[in-house]
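Below you'll find the structure, written out as structure tokens, and then a few comments.
In the text below, chain A, chain B and the rest are named by the order of the sequence lines, each starting its count at 1.
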Amino acid sequence: MSKSKDFLRTIVEEDLKSGKYQEVHTRFPPEPNGFPHIGHAKSIAINFGIARDYQGRCNLRMDDTNPTTEDTKYVEALKDAVKWLGFEWDDSVRFTSDYFPKLYDYAVELIKMGKAYVDSINEEEMREYRGTVTEAGKRSKYAERSVEENLDLFERMKNGEFKDGEHVLRARIDMSAANMQMRDPLLYRIRHAKHHRTGNEWSIYPMYDFAHCLSDYIEGITHSLCTLEFENNRAIYDWVLDTLELDPPRPYQYEFARLAVNYTVMSKRKLLELVEGGQVSGWDDPRMPTIAGYKRRGYTPESILTFCDQIGIAKANSMVDVSQLEFCIRDDLNTKVPRVMCVLDPLKVTITNYDEKEELDASYYPDDVPKEGFRKLPFSREIYIERDDFSQTPPKGYFRLTPEQPVRLKHAYIISCEEVIKDANGNITEIKAVYHPASKSGSDTSGIKVKSAIHWVSAKEAKTVEVRLYDRLFTNEVPESVEDINPDSLKIIKNALIEPAVITDKPDERFQFERQGYFYADPIDYSDETPVFNKIVGLKDSWGKKKKKAPKSEHKPQAKKEQIDGEVAPMSESEQALFDKYTAELKLNSEVANTLARDKRLSSFYEDALSMLNSPVALANIVANEVARELKENEGETLKFTAKQVAKLVKMLDNETISSKIAKQVFEEMAKSGEEPTQIVEAKGLIQISDTSVIAPIIDEIIAKNPDNVAKFKAGNTKLLGFFVGQALKATGGKANPKVVNELVAKKLK
RNA sequence: UGGGGUAUCGCCAAGCGGUAAGGCACUAGUUUUUGGUACUGGUAUUCGGGGGUUCGAAUCCCUCUACCCCAUCCA
């Protein structure tokens with residue numbers, strides 16, 4: 001819970017605190033035109049998660065405004081995904097199509113206001129008229145139609161009197177807007193298509209930009225959270241809601257970065273290619289990043305949710321490492337699932353000195369997993385071990401069975417290799433071994449030390465199962481095409497051998513196959529005749545890693561990329577003159593002079609202030625930095641403070657009535673309220689304290705309270721000077737003279 | 001090329017003028033009948049680059065660079 005808040009939660013919290021809204025209400029609004037993937041999971045986790053965290057509500061809304069791409073099967077898949085992840089939507093599932101009548105009325109209203117018109121140019125003309133990113137567009141002649149004509153045309157569009165593409169309804173905004181989205185965006189188009197819910201009732205369908213904001217409003221959404229690519233659409237969102245002058249409160253849109261994971265593709269198009277190209281078995285292929293795929297693979301909803309939680313929410317486009325996801329599922333399953341033994345690549349071992357048969361008690365869980373349960377494990381003369389677990393010529397650091405090195409059979413006895421049997425080609429076909437009777441697991445008195453315990457199955461009792469080993473679908477971190485497909489992403493082992501209890505007792509559907517990884521009984525192909533297990537994820541394998549790392553890649557020195565500075569636009573003649581004057585006469589440094597000279601508002605503000613107080617450098621600094629910020633932040637608006645006030649502030653700074661730190665504070669007050677700086681200082685008692693006899697005891701106290709940091713400082717961590725100064729300043733409400741504090745601290749800590 | 005965004009460790013990501021959080025990955029060690037888990041350490045003298053303001057800058061100012069989004073009758 002100590003995890004820091006993301007920016008969306010921060011916004012929500014502030015809005016709740018300020019009373020902007022009584023309750024948060026979010027929504028997850030997919031278009032039902034494809035199967036949900038892990039990117040949707042992130043959106044689900046955000047929208048439902050925020051609603052849950054702040055005791056609000058979250059709707060599930062199908063944004064079904066395009067009848068040609070949407071289908072009911074997708075709405076079912078979407079509902080399943082939300083449910084599987086453990087969330088419940090508020091009330092019933094919403095559909096934008098439910099609002100078609102209302103949306104139509106809003107459009108009529110816009111037409112009546114003269115804010116929307118029916119346009120009748122064709123697509124090609126439309127593109128031409130829209131202009132380009134650098135050139136303004138222009139309106140078509142149809143924009144001049146009267147309100148009556150527009151109303152009539154729009155109604156006839158609705159009644160199906162026109163063909164597709166003959167007319168559209170557009171918002172009347174600004175064909176020369178720098179934001180391309182605002183160049184009279186389309187609101188409605190004619191579409192004679194069967195909608196998956198409304199059938200043929202409608203001939204016109206609203207566009208995203210018109211439908212989404214209003215659907216949010218209709219549902220009482222407070223925070224409309226979407227991905228970054230809609231940033232430019234926010235202006236329309238606001239425009240529609242504002243020009244309609246709807247009763248408050250209204251929703252606001254915020255954008256976050258969509259999820260990208262390396263070695264996977266996420267776009268609907270690429271996913272579809274995989275399915276149609278037969279590279280995968282379907283949308284629920286365990287290698288697919290779809291919710292159905294993860295589900296079939298054996299991922300738990302908890303692990304997906306933890307993953308979404310761990311990656312955070314931000315506005316920077318980023319690419320998450322799959323290993324983060326893999327960690328989440330391993331971590332989740334580690335404490336949940338039974339451990340069993342399954343041999344993937346069997347090597348026969350005959351224990352020559354064992355003729356009996358026994359059943360061993362074996363716990364399903366290791367000691368560090370607080371769960372109980374055990375099964376009977378048959379042990380006999382003939383067993384199978386993993387081929388990897390024997391080596392005749394072991395590499396360095398090999399812990400398993402060798403001709404010289406005994407090994408423990410997990411839950412059973414220690415065995416030693418006596419003889420290696422090979423076929424004509426020299427392949428090992430069998431091991432003859434002996435067991436040590438006194439070494440039985442749990443009552444070992446043999447005193448034999450082994451380096452590891454390996455898994456095994458009893459030959460006679462073991463069941464044959466099919467195991468499907470999955471690896472990442474692509475070999476490329478950022479897959480481009482099918483050429484990047486990993487040819488080994490699926491390996492099927494038909495004759496793996498598993499201990500019988502797994503099949504007969506079915507203690508769970510997910511297992512850890514000891515020393516191999518986590519596996520899931522395939523929900524579709526599993527049958528008692530041929531049990532099928534999907535590999536969810538492997539265990540961490542530091543041995544395998546060590547082996548592979550032989551050709552240790554040289555540390556790439558990766559010299560910092562040299563950055564070349566671009567050219568700075570030249571100054572105009574008057575700017576240059578100003579710059580020269582500032583640097584030569586007023587002795588400003590070139591950087592500050594540059595900032596001032598290039599900005600008309602700044603330079604005139606500066607000149608004004610200068611006429612009242614002859615302190616060119618201090619004034620220039622504050623204008624070029626603080627005033628510049630205020631100007632930037634309140635673009636267009638007039639400043640609340642005057643040059644005269646700034647001059648007064650600088651004067652106090654000049655005669656050291658206040659410190660520079662306090663000056664910033666006062667400036668901010670002044671910028672916010674327009675109050676006189678002298679008054680602010682007086683009212684708050686912000687006069688600087690430079691008296692060492694006042695400051696010294698404060699520093700002493702801080703030093704006494706922070707012995708650790710004092711020690712660190714004395715050990716050479718000089719950065720900590722700032723810490724002590726900061727503490728002293730905090731203790732005096734920022735009033736202590738920082739220069740004096742600095743000196744004092746340095747002296748006392750010496 | 002206009003507009004809108006974004007840049008903090010190999011990958012995510014906190015941070016909002018006063019000691020560069022955390023997770024993954026990596027790495028060393030301890031425990032271990034899973035080369036798993038758990039635990040303990042190590043990993044950014046530095047925040048895209050360069051300047052400036054300040055006693056003090058990842059945070060404020062200027063400037064440059066790189067990447068993403070926008071010219072579908074898609075969402």
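- Atom CD of Glu743(A) and atom P of rG56(B) are 13 Å apart (whole Å).
- The partner of rC26(B) is rG42(B), judged by Watson-Crick or G-U wobble contacts that both fall below 3.5 Å.
- When each of Glu633(A) and Lys739(A) is assigned the nucleotide of RNA chain B bearing its nearest heavy atom, the one mapping closer to the 5' terminus is Lys739(A).
- At a cut-off of 3.5 angstrom, the base of rG18(B) holds no donor-acceptor pair with the side chain of Gln727(A).
- For the side-chain hydrogen bond (donor to acceptor under 3.5 Å, both in side chains) condition, no pair includes a residue of residues 708-730 of chain A, sequence neighbours left out.
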- Message: For a quick check, with a 4.0 angstrom heavy-atom cut-off, what is the B/S/- contact string for nucleotides 65-75 of chain B, read 5' to 3'?
- Response: S--SBSBSBSB
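- Sorted by first and then second residue, the salt bridge (Lys or Arg N to Asp or Glu O under 4.0 Å) pairs with a member in residues 202-216 of chain A read Arg27(A)-Asp216(A), Arg61(A)-Asp216(A); sequence neighbours excluded.
- Searching all strands for a Watson-Crick or G-U wobble partner of rG2(B) with both distances below 3.5 Å returns rC70(B).
- Qualifying ring pair (Phe, Tyr, Trp, His ring centres under 6.0 Å) partners for Phe162(A), counting only residues two or more places apart in sequence or in other chains: His167(A).
- Across all strands, Val320(A) comes closer than 4.0 Å only to sugar-phosphate atoms, never to a base (heavy-atom distances).
- Phosphate proximity of rU54(B) to Asn621(A): present, with a side-chain N or O under 4.0 Å from OP1 or OP2.
- Applying the side chain to side chain contact (heavy atoms under 4.5 Å, CB included) rule to Ala362(A) yields the partners Arg375(A), Leu377(A), His411(A); only residues at least two apart in sequence or on another chain are considered.
- Taking the nucleotide of RNA chain B with the nearest heavy atom to each of Gly726(A) and Ser590(A), the more 5' of the two is matched to Gly726(A).
- Remark: C1' of rC62(B) and CG of Leu588(A) are 14 Å apart, rounded to the nearest angstrom.
- Contact annotation for Lys664(A): base contact, defined as any heavy-atom pair under 4.0 Å involving a base atom.
- Residue Asn625(A) contributes atom CG, which lies 4 Å from atom C1' of rC61(B) at whole-angstrom precision.
- Between the side chain of Lys661(A) and the base of rG18(B), at least one donor-acceptor pair of N or O atoms lies under 3.5 Å.
- Here Lys719(A) lies in heavy-atom contact (under 4.0 Å) with a base.
- Side-chain contact of Gln253(A) with Glu255(A): a donor-acceptor pair under 3.5 Å is present, judged by distance alone.
- Donor-acceptor pairing under 3.5 Å, judged by distance alone, is absent between the side chain of Asp321(A) and the base of rC11(B).
- Side-chain contact of Ser690(A) with Asn737(A): a donor-acceptor pair under 3.5 Å is present, judged by distance alone.
- Pro338(A) meets the side chain to side chain contact (heavy atoms under 4.5 Å, CB included) test with Tyr364(A), Tyr365(A), Asp508(A), Phe511(A); sequence neighbours excluded.
- Across all strands shown, Ile622(A) has no heavy atoms under 4.0 Å from either base or sugar-phosphate atoms.
- When both pairing distances are held under 3.5 Å, rC9(B) makes no Watson-Crick or G-U pair with any nucleotide shown.
- Looking at Asn33(A) and Glu31(A), their side chains do bring a donor and an acceptor atom within 3.5 Å of each other.
- Qualifying ring pair (Phe, Tyr, Trp, His ring centres under 6.0 Å) partners for Tyr582(A), counting only residues two or more places apart in sequence or in other chains: Tyr606(A).
- Comparing rG52(B), rC55(B), rC12(B) against the side chain of Met319(A) picks out rC12(B) as the nearest.
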- Query: In B/S/- notation, 5' to 3', how is nucleotides 32-37 of chain B contacted by protein heavy atoms closer than 4.0 Å?
  - Reply: -BBBBB
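- Partners of Asn317(A) by side chain to side chain donor-acceptor pair (under 3.5 Å), not counting sequence neighbours: none found.
- Here Asn709(A) lies in heavy-atom contact (under 4.0 Å) with a base.
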